Every structure is written in C-alpha cells, then in structure tokens.
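See below for the structure under consideration.
A, B, ... follow the sequence lines: proteins, then strands. Residue 1 opens every chain. From a predicted model like this one, the values you see are computed outputs, not experimental measurements.
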There are 2 protein chains.
Amino acid sequence: MLLETYKVACSNCNLRELCMPIGLSQEELQKLDDVVATRRKVSQGETLYRNGDSFTSLYAIRTGFFKTCVSSQDGREQVTGFQMAGEIIGLDGITSDHHNCNAVALEDAEVCVMPFANVEEMSREFPVLQRHVHKIMSREIVRDQGVMMLLGNMRAEERLSAFLLNLVQRLNARGFSRSELVLRMTREEIGSYLGMKLETVSRTFSKFSDEGIIEVKQRWVKILKPDALKRIFDPDSFC
Amino acid sequence: MLLETYKVACSNCNLRELCMPIGLSQEELQKLDDVVATRRKVSQGETLYRNGDSFTSLYAIRTGFFKTCVSSQDGREQVTGFQMAGEIIGLDGITSDHHNCNAVALEDAEVCVMPFANVEEMSREFPVLQRHVHKIMSREIVRDQGVMMLLGNMRAEERLSAFLLNLVQRLNARGFSRSELVLRMTREEIGSYLGMKLETVSRTFSKFSDEGIIEVKQRWVKILKPDALKRIFDPDSFC
DNA sequence: GCAGATACTTGACCTGCATCAATACAGAAA
DNA sequence: TTTCTGTATTGATGCAGGTCAAGTATCTGC
C-alpha cells in the first residue's frame, strides 16, 4: 500500500465521465476534487479491503481490475463481481460500518480513496452529486438482480455468453475493442461468479470455439460472431 | 389503487424503528413526516409498480407482503426478494428513472409513498437521514450478495434452510413467533427465489419434515429443530 | 536451458435436480 | 353439498453439470 502525497484532481481526470456526474462545470468539478483524499496503489493479488475491515471510504478505480467476493464459514467462495476503471467499490461497507466482502486486485491497480464522510458532506452541498451517488448504488442493486437472474434461471452457455457480452461492452465503453479481450481472471473465478465449476467454464469456452463463435487462447478471447452470442443470451435485453 | 388524503405521520408510526433512523427526537421526527406524501393500498395480486414504470417514489411497507421480480425476454422470471412491513422498496428505480422490476403484493398491503425528491431534499437537511438512506441501499446490496452466494454455491437443502431461517428471523423482529410462520408465497415463488423448481422445494420441505426438523402443512410451517436447520445452513454466520 | 508451480483442457463417470406425469388437497363459488 | 381452480405432493426417469483424473500449456526463477 502506497500513499501518494500529491493532490489528485477529478477535474482533469480522463475517467470523470465514468465516475463523476456529467454536465458539471469546471468550477463545480474543482470543488468536487476534495472528495478524493489520496490515491492508493494495490498490486496484483493484494486486497484493497477485506471482510470485517472497518469501513471509511469508497474507492474509484483509476487503473487495474478487481474482483469482489464473499465466503461462507465452510470456506466456499462466491465472486460477486468484477470491477474495472471508472467503477466504484466499497458500497457494501456502508450498512454496518465494516466491509462485507473482499476486494482483490486481479492486476496492478490504482484507486482514488474517497472518505465516505467527504462524499456525504459534498452530497449535501451538491444535489447533482447526491443524485449521482444514489444512482451508483441503485445501479449496483440492478446489476445484482441481473446476476440473480443469471444464477437462478440460466444454463451454462447462457451464463458465459452474458458474461462475455457484458465484459466486452464495458471494455468498449472504455475505448477497448468490441471484439477482443484479455481476461483478467482465472476460469475458477469466472466459474465462481457464474455459479459453475471451472471445468464447465472451460468446456463451454471450447464449445463456443468449436462452433466458431469465439476464438480462445487461454486468457485471450476474440468474439467472432457477436450476434450468435447475443442469440444465446443478451444481457442488455431484459423485459 | 386508493389514495388516502389524510396526512400520515412517521412520528407516531409503530414501524418507525424499522424504517426511520433511530435516535431521532420527537421534533426531528415531525419534520421528517413530510417525507411521506400519501399512503397507498395495494390488494393481493396487484402490482405496486412494474418494470418500465417511471420512477418517482420509494415505498415503505406498512402492512402486507411483497415480492419483487425481474424477467427475461423469453419469459423466465426470477424473484429477487420478498419484503415485509418496515422494509423499503423501489430502490431499483433510481439509476435509470424507471423501475427495473415488478413489485407484487402477495397479500393485501399498504405502503407509505415517499417521493424520492422529498427523500433527497430531506437528506440534504438531515445528515442522520442521509446516512440512513445510504445504509438502506447498502443493506440491499449486501443482501443481494448473500443471495448470490446461495444461488451460486449452495445445495437445495441449504437454500431452503437459509430461506426459512431468514424469514423467521425477520418475522421475529416484527414481534411474530420465532418458530411458527405462514408462508405468503407459493412453492413456485420460493423456488424462483432460490433457483430451484417447485417440485424440489416441495420435496425438500417433505424431507425436512420426515427428519423431524420442521412440520409443514401447506403454507403453515413450524420449526421444530432450529439448530438442525442452522447446522444445514445458517445465513447469519458468514465469515 | 530445466524444474516447479499454476492454470487450463479434456475425458469418463456420477449425481442432484429438472422434467414429466399422476394424484391429492384446500378454498371459492354455485 | 359438489364442482372448479389453483396449489402442493410424490413417483419415475433423464440429463446438465459436477466430480475425479490425466495430461498439457504457460510462466517464473534458477
């Protein structure tokens, strides 16, 4: 964990469209700079926070890739999400003032530390920010509902299809290719997220590959027939 | 849908410990009365809101019992939760200004309508309320993570056990028995929530009954050996 | 280069739950 | 009371995905 002392600024961060409310004036943005206290580097494999840690801050991911996961007493682990640049993590800690899951960096990462007291104070002052914070939390709730649908109703192929389409769509929003991606997580982590075993993940990848829908080489994936994937299951088109 | 015109008051509502921040003075509570605009009755089988409806308000359940559910294009339905008196629903609507699931009354119900604009305005004025709103949303996120664990990792018996223990614990917090309950939902709805078919729900009930852990007669359930249930799976004891 | 560790793939077999189907039960209406 | 309708139970059978196991690929450090 490294603390950097130079002042960080949302106002000239190229991710601000992703993590800040849109349509703010330069002036307003500068006032919001104070929400972020510091930045923190988290190297691959390290945790940003753990279940049980006391909650003080939300984190905006600047670079890198995270997973969040919960575990039961008997050691079974459930990955609850994968997060990338511009996304906010730590919301789980608000209810009980301590974190309720682990956030692990899947590649070297840097986050903006936003003490929650600052967030709340600024929210009271700027209705736009207040609304934005509410939207972010609500978005997480809606995402979780989608995962429930996936886990409760979908079959292996549908799950993996939805997973790939969702990932590539979010990467695309960040300027990456819409058809090619490098997975940051293992088959086991994908499986945990999707409620299936790593062997099934692997087999399903192979099946898609055999059918010419995707090309896979370990972590590298190329989507050859996006429409075929969407026909299997399109996460964007819920009723 | 009935709109009642008399002014409603949180300040003398016997559910305020469940839905309002604790430790407010009588005076503060009276100011917060303005959060609630009206009450609304929803009779059994009717929806409080539907997927796609424009979002304007949160709802505090005064009496009755709800389910929330999402569905995919092809008609598969996923129950995302069951809500009872004192709980807040509608949070899913904040992100996109329209609701993202259906809320259906499973028995005749009455809710307090809290226009979200009021909630936000009051939140700016009362930091305690602001924190409370954040906690409620965060609690929902944590609950959802628990459901993901259930759906992703647990077997039928563990799911049903966790479900029963959770229900009875929430009912107990509302003054009901800790060992006896009447289910407000069908086997199919339980199954949808827990990611299993209604036949499996029924069989699992029968199995628990054969083992003397519970007594079941249709919707009426009596928990004979709570410890045995907890040994199967205790939702309260996550790591 | 090699050795070891970790991640991934693939095959063979097994099982928990789904599916299909028949029957029973309970509440509502006639 | 009977009939109707929605709900619940229980049995028989099948299969998607889990489990176990062997082998391969990739990366790291020496």
Side-chain angles (χ1 to χ4, degrees), chain A residues 43-45 65 67 75-79 104 106-108 150-164 181-211 214-222 232-233, chain B residues 43-45 67 74 76-79 104 106-108 150-161 163-164 181-211 214-222 232-233:
Chain A
S43 43
Q44 184 170 27
F65 201 91
K67 69 168 177 182
R76 282 178 284 187
E77 192 177 274
Q78 173 71 34
V79 172
V104 183
L106 296 181
E107 62 178 5
D108 290 352
L150 220 66
L151 292 173
N153 276 296
M154 302 296 164
R155 28 239 306 331
E157 291 174 37
E158 295 174 309
R159 295 181 198 197
L160 195 63
S161 165
F163 170 75
L164 284 174
L181 69 158
V182 175
L183 299 169
R184 250 68 243 212
M185 68 295 278
T186 66
R187 300 289 189 260
E188 187 168 18
E189 287 161 336
I190 297 172
S192 171
Y193 181 57
L194 297 178
M196 47 209 254
K197 295 289 143 178
L198 70 94
E199 293 93 331
T200 308
V201 175
S202 184
R203 273 185 244 277
T204 310
F205 268 126
S206 300
K207 179 155 188 290
F208 286 171
S209 178
D210 291 348
E211 291 167 343
I214 62 173
E215 205 181 324
V216 198
K217 208 174 203 175
Q218 308 282 127
R219 304 267 178 119
W220 175 88
V221 179
K222 184 169 188 175
I232 295 173
F233 185 70
Chain B
S43 43
Q44 184 169 28
K67 70 169 177 182
D74 57 4
R76 281 178 285 189
E77 193 176 274
Q78 173 71 33
V79 171
V104 182
L106 296 180
E107 62 179 3
D108 290 352
L150 220 65
L151 292 173
N153 275 296
M154 303 295 164
R155 2 236 254 72
E157 291 175 37
E158 296 174 308
R159 295 180 199 197
L160 194 64
S161 166
F163 170 75
L164 283 175
L181 69 157
V182 175
L183 299 170
R184 253 64 245 214
M185 68 296 279
T186 65
R187 300 288 189 262
E188 187 168 16
E189 287 161 337
I190 297 173
S192 171
Y193 182 58
L194 297 177
M196 48 208 253
K197 294 291 141 178
L198 70 95
E199 293 93 331
T200 309
V201 174
S202 184
R203 273 184 243 276
T204 310
F205 269 125
S206 300
K207 179 153 189 291
F208 286 171
S209 178
D210 291 347
E211 290 167 344
I214 62 174
E215 206 182 325
V216 198
K217 208 174 204 176
Q218 309 282 127
R219 303 269 177 115
W220 174 88
V221 179
K222 183 168 188 176
I232 295 173
F233 184 72

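If you measure from atom CE of A:Met196 to atom P of C:dT9, you get 12 Å, rounded to the nearest angstrom. As rounded to whole Å, 16 Å separates atom P of C:dA21 from atom NZ of B:Lys197.
A salt bridge links A:Lys207 with A:Glu211: the distance from a Lys NZ or Arg NE/NH1/NH2 to an Asp or Glu carboxylate oxygen falls below 4.0 Å.
Judged as a side-chain contact (heavy atoms from CB on, under 4.5 Å), and not counting sequence neighbours, the contacts of B:Thr200 are B:Ala156, B:Met196, B:Lys197, B:Thr204. For A:Ser206, there are no side-chain contact (heavy atoms from CB on, under 4.5 Å) partners, not counting sequence neighbours. Remark: B:Arg76 engages A:Glu158, B:Asp74 in a side chain to side chain donor-acceptor pair (under 3.5 Å) (not counting sequence neighbours).
A side-chain contact (heavy atoms from CB on, under 4.5 Å) with B:Lys67 holds for exactly one of B:Glu189, B:Met185, B:Arg184; it is B:Glu189.
Counting non-hydrogen atoms of neighbouring residues, nucleotides and ligands closer than 6.0 angstrom, the CD atom of B:Glu188 reaches no more than 12 such neighbours.
With contacts defined as side-chain heavy-atom distances shorter than 4.5 Å, the pair A:Glu157/A:Phe233 does not qualify. No side-chain heavy atom of A:Val216 sits under 4.5 Å from any side-chain heavy atom of A:Phe208.
If you check every strand for non-hydrogen atoms under 4.0 Å, A:Gly195 touches sugar and phosphate atoms only.
Axis angle, first five pairs versus last five pairs of the helix from C:dG1-D:dC30 to C:dA30-D:dT1: 40°, rounded to 10°.
Nearest-nucleotide positions on DNA chain D for A:Lys217 and A:Ala156 put A:Ala156 closer to the 5' end. DNA chain D is contacted by both B:Gln218 and A:Arg159; B:Gln218 maps to the nucleotide lying nearer its 5′ end (nearest heavy atom per residue).
Within residues 199-206 of chain A, the residues that have a heavy atom under 4.0 Å from DNA chain C are, in order of number, A:Glu199, A:Ser202, A:Arg203, A:Ser206. Of the residues in residues 181-189 of chain A, those placing a heavy atom less than 4.0 Å from an atom of DNA chain C are A:Thr186, A:Arg187, in numerical order.
At the phosphate of C:dC8, OP1 or OP2 sits under 4.0 Å from a side-chain N or O atom of A:Arg219.
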